[in-house]
J.: 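After the structure tokens below, expect a handful of questions from me.
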Amino acid sequence: MLQVAFIRQHREEVLQRLAVKNFKETELVDDVLGTDDRRKRLKASLDETQAAVKVASREIHVLLKKGEAEEAEHSKNEVATLKQQIGHLTEELQKTEQHLEDSLLRLPNLPHATVPAGTTPDDNEIVRKGGEQPVLSPEALPHWELAKKYDLMDTELGNKITGSGFPVYRGQGARLQRALISYFLDYNITAGYTEYIPPYMVNEASAYGTGQLPDKEAQMYQVTLDNFYLIPTAEVPLTNIYRDVIIPAGTLPVKMTAYTPCFRREAGSYGKEVRGLNRVHQFDKVEIVQIVHPDHSYDVLEEMVAHVEKLLQNLKLPYRVLRLCGGDLSFTSALTYDFEVYSAAQQRWLEVSSVSNFESFQTNRMKIRTKDDHGKSLLLHSLNGSSLALPRIVACLLENNQQPDGIALPEALQAYFGKNLIS
RNA sequence: GGAGAGAUGCCAGAGCGGUCGAAUGGGACGGUCUCGAAAACCGUUGUACGGGCAACUGUACCGAGGGUUCGAAUCCCUCUCUCUCCGCCA
């Protein structure tokens, strides 16, 4: 959520930057400002009236003590009139505040100055590439065939138990998942992140906090009886740990990591895009989250990008780093780097990580603050990234490393997996 | 799931319907003392939204939402959560 004071001071800039995100409802900006003006006027009247009631009540107390009942009755009638006014003013103020909130919730975060203009993923900027794209023989198999060949995964079984997009991992396939999760977590912990195991369901307030609500409601599975949401990413419970918390400056930055399953409805996806592990409803992911002082958030973003990049290098996977264009940037993000790995058998790039700076967009909703040098409240910045999402990593590991005798595992994983070859 | 108790400031814990934003203790911070520290003593110690260049000031907030009253932390209702006991159970 953007800050009204910022919009007020930088109206033109806000409009320009929203245009980079191809945001159309520009009238919302002035609506916010007008509504906030009305809010302030109502608040002033309400405060004044309430103060009058307070004064009158004390008078009545004094009058009653002195035994001047008639005078007291007179004051009581006055208060009754004031109370009516308070009723109206309160109602108006609530409506106005609600309207302000609704409008603010519809404004996306402002893109950072370096975000390229553009509307589709084709407009994303390729920042750099790494690793080597293997040349596979013509008989090379896509990962869903390899998974069958080595009995790593059973999608049919997932269909039976739940439905499509809920794969079952078995044997070496399950072991590989566990190896990757452990490796990623250990790697993050070494870099100073604290490991968490958060709840996999969250309440409405948490879903609002990170921005899944209101605009991504259809993306989440809902537990309607208890009004919970299955988490689409560990970002939601992790960041909400600090909802409504004033973090002492000395304990910054906050660095958290967690492995969780992630649940996404992915409504509207179909075809070869979703074949095998390309797009599933339940998948495993290790997430990193940082909450930092606003002065450092872009340095931290680069640090997190470097962190994820090293992980992909350690896995010996061919990758590229993209800076998302305005049109591909999420509602809540100011700047996002996507990581894609090259699936050699499918000959396409698959997104495996997204590292973003949300600046104060999430922390404003969640009231995650610290105190500045003058003792004033200051919104912190939140960032997060995947390190990493498993399914597509698995897909690429299988496809890119297939050999006649099995699938070779990178050295980094061998200790976790227990051997160097899936066969 | 059944029965009972409770929810107050960073923590613990008082609080007759009328200067209660809230006693007291602890912690933290600042100061005095000290070469330094401890102890002792003194002081400070909330959030949000308005107004003001500022000092400062108005209003709201004692789990959440309603109600009674001239006036509610204090009385009533609803909800949420926590604890204790019983039941069930990984």
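Order of the sequence lines sets the chain letters (A, B, ...), proteins ahead of strands, with each chain counted from 1.
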J.: Starting at atom CG of A:Asn227, determine the distance to atom C1' of B:U80, rounded to an integer number of angstrom.
T.: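 Distance, rounded to whole Å: 13 Å.
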J.: Report the nucleotide, chosen from B:A48, B:A60, B:G58, that has the shortest atom-to-atom distance to any side-chain atom of A:Asp47.
T.: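 Shortest atom-to-atom distance from the side chain points to B:G58.
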J.: Consider side chain to side chain contact (heavy atoms under 4.5 Å, CB included). Of A:Leu238, A:Val236, A:Leu383, which one does A:Val289 pass it with?
T.: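 Passing option: A:Leu238.
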J.: With both distances under 3.5 angstrom, what nucleotide forms a Watson-Crick or G-U wobble pair with B:C41?
T.: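 Checking every strand shown, B:C41 finds its partner in B:G31, with both distances under 3.5 Å.
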J.: Write down the distance between CE (A:Met1) and P (B:A48), rounded to a whole number of angstrom.
T.: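 Nearest whole value for this atom pair: 14 Å.
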J.: Checking side-chain polar atoms at under 3.5 Å, does A:Thr210 have a donor or acceptor matched by the opposite partner on A:Gln212?
T.: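 The answer is yes; a qualifying pair exists.
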J.: When the distance from CG of A:Leu63 to C1' of B:G18 is rounded to whole Å, what number comes out?
T.: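 Between C1' of B:G18 and CG of A:Leu63: 13 Å.
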J.: Check the side chains of A:Asn203 and A:Tyr229 for a donor-acceptor pair under 3.5 angstrom, ignoring hydrogens and angles.
T.: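 No - no donor-acceptor pair under 3.5 Å links their side chains.
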J.: Within the 4.0 Å heavy-atom criterion, would you say A:Ala51 contacts the bases, only the backbone, or no part of the nucleic acid?
T.: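 Sugar-phosphate, no base atom in range.
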J.: Going by purine N1 to pyrimidine N3 plus the second Watson-Crick contact, or the G-U wobble pair, all under 3.5 Å, which nucleotide sits opposite B:G36?
T.: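 Answer to the pairing question: none, since B:G36 forms no Watson-Crick or G-U pair.
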J.: Between A:Arg369 and B:U47, is there a side-chain N or O to OP1/OP2 distance below 4.0 Å?
T.: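 No, no such contact exists.
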J.: So which nucleotide does B:A60 pair with, by the Watson-Crick or G-U wobble rule with both distances under 3.5 Å?
T.: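 By the stated definition (distances under 3.5 Å), B:U47 pairs with B:A60.
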J.: Please give the distance between the P atoms of B:G9 and B:U47 as a whole number of Å.
T.: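 Each nucleotide's P atom is 14 Å from the other's.
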J.: Can you tell me how far C1' in B:A72 sits from the matching atom in B:C29, rounded to whole Å?
T.: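 B:A72 and B:C29 have their C1' atoms separated by 35 Å.
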J.: Work out how far the P atom of B:G46 is from that of B:A55, and round it to whole angstrom.
T.: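 Each nucleotide's P atom is 16 Å from the other's.
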J.: Which residues within residues 79-87 of chain A lie with some heavy atom under 4.0 Å of an atom in RNA chain B?
T.: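 Residues of residues 79-87 of chain A that come under 4.0 Å of RNA chain B are, in numerical order, A:Val79, A:Lys83.
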J.: How many whole angstroms separate atom CD of A:Glu68 from atom C1' of B:C70?
T.: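 Between C1' of B:C70 and CD of A:Glu68: 15 Å.
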J.: Write down the distance separating the P atoms in B:A90 and B:C81, rounded off to the nearest Å.
T.: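 Straight-line distance between the two P atoms is 24 Å.
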J.: B:G51, OP1 or OP2 - any side-chain N/O from A:Lys43 closer than 4.0 Å?
T.: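 Checking B:G51 against A:Lys43, no side-chain N or O comes under 4.0 Å of OP1 or OP2.
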J.: Nearest to the side chain of A:Gln94, which nucleotide is it out of B:G66, B:A60, B:U47?
T.: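 Of the candidates, B:G66 comes closest.
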J.: Ion pair present between A:Arg8 and A:Asp37, side-chain N to carboxylate O less than 4.0 angstrom?
T.: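 Salt bridge flag = yes for A:Asp37 with A:Arg8.
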J.: Can you tell me the distance, in whole Å, between the CG atom of A:Leu64 and the P atom of B:G17?
T.: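 Spelled out: CG on A:Leu64 to P on B:G17 is 16 Å.
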J.: Can you tell me which nucleotide in B:A48, B:G51, B:G18 comes closest to the side chain of A:Ser57?
T.: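 The nucleotide sitting nearest to the side chain is B:G18.
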J.: Does the side chain of A:Lys310 reach to within under 4.5 Å of the side chain of A:Tyr187, using non-hydrogen atoms?
T.: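 Contact flag for A:Lys310/A:Tyr187 side chains = yes.
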J.: Looking at B:G25, which nucleotide sits across from it as a Watson-Crick or G-U wobble partner, both distances under 3.5 angstrom, or is there none?
T.: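 Pairing partner: B:C11.
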J.: In terms of side-chain heavy atoms, does A:His381 have a donor or acceptor partner in A:Glu359 at a distance below 3.5 Å?
T.: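 Absent: no donor and acceptor within the cut-off.
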J.: Can you tell me how far P in B:G26 sits from the matching atom in B:A40, rounded to whole Å?
T.: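 Rounded to whole Å, the distance is 9 Å.
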J.: Using the C1' atom as the point on both nucleotides, what is the distance between B:G71 and B:G17, in whole Å?
T.: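 Per the computed distance, 8 Å lies between those C1' atoms.
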J.: Using the C1' atom in both, what is the distance from B:C88 to B:G2, to the nearest Å?
T.: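 12 Å, rounded to whole Å.
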J.: Between A:Asn384 and A:Glu235, does any side-chain donor sit less than 3.5 Å from a side-chain acceptor?
T.: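 A donor-acceptor contact under 3.5 Å links the two side chains.
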J.: Among the candidates B:G50, B:U59, B:G46, find the nucleotide nearest to the side-chain atoms of A:Lys371.
T.: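 Shortest atom-to-atom distance from the side chain points to B:G46.
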J.: In whole angstrom, give the distance that lies between atom CD1 of A:Ile60 and atom P of B:G71.
T.: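 Answer to the nearest Å: 8 Å.
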J.: Which residue lies toward the 5' end of RNA chain B, A:Ile246 or A:Ala44, if each is placed at its nearest nucleotide?
T.: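 Nearest nucleotide further toward 5': that of A:Ile246.
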J.: If you assign each of A:Glu97 and A:Arg58 to its closest nucleotide in RNA chain B, which residue comes earlier from the 5' end?
T.: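 Its nearest nucleotide being more 5', the pick is A:Arg58.
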J.: Side-chain donor-acceptor contacts of residues 241-248 of chain A below 3.5 Å, not counting sequence neighbours, with atom names and distances?
T.:
| residue | atom | partner | partner atom | Å |
| --- | --- | --- | --- | --- |
| A:Arg243 | NE | A:Asn240 | OD1 | 2.6 |
| A:Arg243 | NH2 | A:Ser206 | OG | 2.9 |

J.: Mind checking A:Arg41 for me? I need base, sugar-phosphate or nothing, with any heavy atom below 4.0 Å counting as a touch.
T.: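 The residue A:Arg41 makes no contact with any strand.
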J.: How many whole angstroms separate atom NZ of A:Lys76 from atom C1' of B:G71?
T.: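 Nearest whole value for this atom pair: 10 Å.
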J.: Side chains of A:Tyr259 and A:Glu195: do they bring a donor and an acceptor to under 3.5 Å?
T.: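 Checked: A:Tyr259/A:Glu195 side chains show no N/O donor-acceptor pair below 3.5 Å.
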J.: With both distances kept under 3.5 Å, what pairs with B:C53, Watson-Crick or G-U wobble?
T.: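 Pairing partner, where one exists within any strand: none, as none qualifies.
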J.: Which of the following nucleotides, B:C49, B:C70, B:A60, is nearest to the side chain of A:Arg39?
T.: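 Looking only at side-chain atoms, A:Arg39 lies closest to B:C49.
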J.: Give none if B:U19 has no partner; otherwise give the nucleotide forming a Watson-Crick or G-U wobble pair with it, both distances under 3.5 Å.
T.: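 No nucleotide pairs with B:U19.
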J.: Mind checking who B:A73 pairs with, Watson-Crick or G-U wobble, both distances under 3.5 Å?
T.: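 B:A73 is paired with nothing.
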J.: Please report, rounded to the nearest Å, how far the P atom of B:A60 is from the CG atom of A:Leu93.
T.: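 Taking CG of A:Leu93 and P of B:A60, I get 13 Å after rounding.
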J.: Between A:Tyr169 and A:Leu176, is any pair of side-chain heavy atoms under 4.5 Å apart?
T.: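 With C-beta onward as the side chain, the pair stays apart.
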J.: Mind checking the P distance from B:C89 to B:A7? Whole angstroms is fine.
T.: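 It comes out at 34 Å once rounded to the nearest Å.
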J.: Considering Watson-Crick and G-U wobble pairs with both distances under 3.5 Å, what does B:U84 pair with?
T.: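 Here B:U84 is engaged in a pair, and the nucleotide opposite it is B:A3.
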J.: Nearest to the side chain of A:Lys40, heavy atoms from C-beta on, is which of B:C70, B:U59, B:G50?
T.: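 That would be B:G50.
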